[in-house]
There are 2 protein chains.
Amino acid sequence: MTSETRSRKRDAAATRAAILASAREVFARSGYDGAGLREIAAGAGVTAMLVRRYFGGKEQLFAEAIAAANSAPIIATEGVLKDEHPGAAIAQALVQITEPGAKPLDGFLILLNSASSVRAAQIGRDVIECAPQKTVAAMLEGENVEQRAALILSLVAGFQMMRQAIGLSALADSDPKVLENLLTPLFERLVKEV
Amino acid sequence: MTSETRSRKRDAAATRAAILASAREVFARSGYDGAGLREIAAGAGVTAMLVRRYFGGKEQLFAEAIAAANSAPIIATEGVLKDEHPGAAIAQALVQITEPGAKPLDGFLILLNSASSVRAAQIGRDVIECAPQKTVAAMLEGENVEQRAALILSLVAGFQMMRQAIGLSALADSDPKVLENLLTPLFERLVKEV
DNA sequence: CGGACAAGTCTACGATCGTAGAGTTATAAA
DNA sequence: TTTATAACTCTACGATCGTAGACTTGTCCG
């Protein structure tokens with residue numbers, strides 16, 4: 001349903017990519033257990049059996065989908081931490097990314113909605129531990145960089161969850177500037193630290 | 001499986017309570033979609049059909065379970081905000097409650113694991129909006145109390161998610177004191193504000 | 001002691017899930 | 001144009017889901 005589900009000549013690579021894109025969408029919307037292979041396949045304009053043929057099974061498809069979704073990280077960390085005022089930069093980026101109308105990031109939604117599946121949660125842990133946390137931690141200085149990186153991610157994830165997934169009105173309907181001003185000193189503190 | 005699934009005489013009230021307790025457990029572990037009526041019933045030592053008989057259906061059972069689980073709030077807010085150093089008190093309570101060995105709070109887990117279900121998420125929003133946020137907001141002073149209350153909950157929820165649900169090692173394996181010291185100024189800022 | 005009514009179970013339905021292998025069709029080289 | 005092969009679909013299995021009404025059994029009052 002993403003772009004061109006219609007009229008795709010028998011092109012294995014393109015079909016595979018279309019299935020993966022559809023999987024990202026459906027996994028993000030319904031989580032690992034809630035997503036059906038038939039629904040994913042329909043989104044790519046094929047049948048469920050082709051999915052199995054290309055990816056081997058649901059687990060492998062999920063692993064590839066979550067890896068792909070995570071290539072666009074939970075929060076765009078490039079540069080934002082090197083900013084002159086990193087706290088403000090993170091706050092602004094976070095508020096902007098999660099604005100009520102915007103589409104939530106697949107990577108986060110897949111993790112959130114798949115939390116109930118033991119297998120999916122395990123994959124999720126590996127993904128978070130490897131990619132975003134290491135990235136953030138590498139850019140910090142001082143003591144307890146790993147803990148501070150994890151807390152930055154906690155705040156980012158918690159804010160996303162409350163604002164987008166739950167739709168908490170105090171966050172969804174508020175002036176972005178107010179939220180930015182409240183978040184900035186928190187991130188500032190975590191980035192710079194004593 | 002909680003306590004006494006064996007040898008309970010034909011007592012409607014006790015059976016109903018046992019089913020509700022089992023439902024809390026299973027919903028917390030597997031989420032709305034992942035939980036099966038048969039599994040819930042087995043945990044209470046009855047059959048699935050009795051669940052339907054007492055609660056009418058899965059949705060009603062879920063609504064009652066989430067309401068019951070939320071009577072023990074996501075974070076114990078009583079008193080903690082009136083502490084002399086509320087930021088430190090919240091941080092300490094949060095770190096203590098989420099210590100790796102401890103059992104996560106049902107209320108939070110049910111919400112987290114049921115996020116993929118549209119219907120369940122709607123119930124979750126109402127629960128969060130009504131109970132914890134209003135409680136926290138009522139105890140704050142100054143400007144933007146609702147936004148600040150929502151951000152406190154965001155940080156609490158994000159920390160719980162990363163530490164317990166995901167099991168992020170930087171949070172799960174770290175010295176509690178370090179985490180407390182990092183969290184304290186964040187909560188302090190949100191509680192007191194400018 | 002014995003019936004009445006609540007408490008609880010049995011069997012089964014239709015739907016949907018992931019998976020499976022055999023079958024069909026379009027494409028590209030000869 | 002013929003043909004080989006990759007691309008793709010069809011039909012179906014076994015399991016599990018929520019739901020449903022008929023059935024059985026334990027408990028308490030008279």
Side-chain angles (χ1 to χ4, degrees), chain A residues 4-23 25-27 29-66 110 113-114 116-120 123, chain B residues 4-23 25-27 29-66 110 113-114 116-120 123:
Chain A
E4 37 139 0
T5 99
R6 204 64 279 133
S7 79
R8 179 181 56 246
K9 301 303 176 192
R10 294 167 92 97
D11 181 339
T15 301
R16 219 190 108 100
I19 293 173
L20 200 58
S22 175
E25 266 192 36
V26 179
F27 278 134
R29 190 185 334 119
S30 308
Y32 179 79
D33 287 324
L37 251 34
R38 289 170 175 84
E39 183 185 1
I40 292 175
V46 297
T47 61
M49 300 69 209
L50 200 62
V51 176
R52 217 186 74 83
R53 195 171 182 78
Y54 277 148
F55 293 88
K58 194 181 186 181
E59 276 199 8
Q60 292 97 316
L61 174 62
F62 182 75
E64 284 211 35
I66 207 171
I110 293 179
N113 288 332
S114 304
S116 58
S117 166
V118 176
R119 180 82 184 98
I123 299 177
Chain B
E4 36 140 359
T5 101
R6 205 64 280 132
S7 79
R8 177 182 55 249
K9 301 304 174 190
R10 294 166 91 99
D11 182 339
T15 301
R16 220 191 107 101
I19 293 174
L20 200 57
S22 176
E25 267 192 37
V26 179
F27 278 134
R29 190 184 334 120
S30 308
Y32 180 78
D33 287 324
L37 251 33
R38 288 169 175 83
E39 182 185 3
I40 292 175
V46 297
T47 61
M49 300 69 209
L50 201 62
V51 176
R52 215 185 74 82
R53 194 172 183 77
Y54 277 149
F55 293 88
K58 194 181 187 183
E59 275 199 9
Q60 291 97 316
L61 174 62
F62 181 74
E64 284 211 37
I66 207 173
I110 293 179
N113 288 332
S114 304
S116 57
S117 165
V118 175
R119 178 86 184 96
I123 298 177

To the nearest 0.5 Å, what is the distance between CG (B:Leu37) and OG (B:Ser22)? 10.0 Å
Quickly work out the A:Arg38 CZ to D:dC10 P distance and round it to whole Å. 12 Å
If I take atom CG in residue A:Asp11 and atom C1' in nucleotide C:dA28, what distance separates them, rounded to the nearest angstrom? 13 Å
Which residue pairs satisfy the salt bridge (Lys or Arg N to Asp or Glu O under 4.0 Å) criterion with at least one member in residues 33-55 of chain B, sequence neighbours excluded? B:Arg29-B:Glu39
Does A:Thr15 have a side-chain nitrogen or oxygen under 4.0 Å from the phosphate oxygens OP1 or OP2 of D:dA7? no
Quick one: label A:Ala13 by what it contacts on the DNA or RNA (base, sugar-phosphate, nothing), any heavy atom closer than 4.0 Å. nothing
Under 4.0 Å, counting only non-hydrogen atoms across every strand here, what does B:Ala35 touch: a base, just sugar-phosphate, or nothing? sugar-phosphate
If you look at every heavy atom in A:Ile19 and A:Ile40, which pair is closest and at what distance? O-CG2, 3.9 Å
Rounded to the nearest 0.5 angstrom, the NZ-OH distance for B:Lys58 and B:Tyr32 is 5.5 Å
Once you round it to whole Å, what is the distance between P of D:dG18 and CG of B:Leu61? 10 Å
I'd like a list of close polar pairs between nucleotides 25-29 of chain D and the protein, N/O only, cut-off under 3.5 Å.
residue, atom, partner, partner atom, Å
D:dT25, O2, B:Arg10, NH2, 2.9
D:dG26, O4', B:Arg10, NH1, 2.8

Ignoring hydrogens and angles, tell me if any N or O in the side chain of A:Asn113 forms a donor-acceptor pair with the backbone of A:Gly31 under 3.5 Å. no
What closest approach, in Å, do A:Ser116 and B:Ser30 show between heavy atoms, and which atom pair accounts for it? CB-O, 3.2 Å
Does B:Thr15 reach the main-chain N or O of B:Asp11 with its side chain, forming a donor-acceptor pair under 3.5 Å? yes
Nearest-nucleotide 5' precedence on DNA chain D, A:Val46 against B:Gly36: A:Val46
Enumerate the residues from residues 47-60 of chain A whose closest heavy atom to DNA chain C is under 4.0 Å, giving them by residue number; use none for an empty result. A:Met49, A:Arg52, A:Gly57, A:Lys58
Between atom CZ in A:Phe62 and atom P in C:dG18, what is the gap in whole Å? 13 Å
Is there side-chain contact between B:Leu61 and B:Tyr54, with at least one heavy-atom pair below 4.5 Å? no
Taken to the nearest whole Å, CG/A:Asp33 to P/D:dC17 is 11 Å
Are any of the side-chain heavy atoms of B:Phe62 and B:Ser117 separated by less than 4.5 Å? no
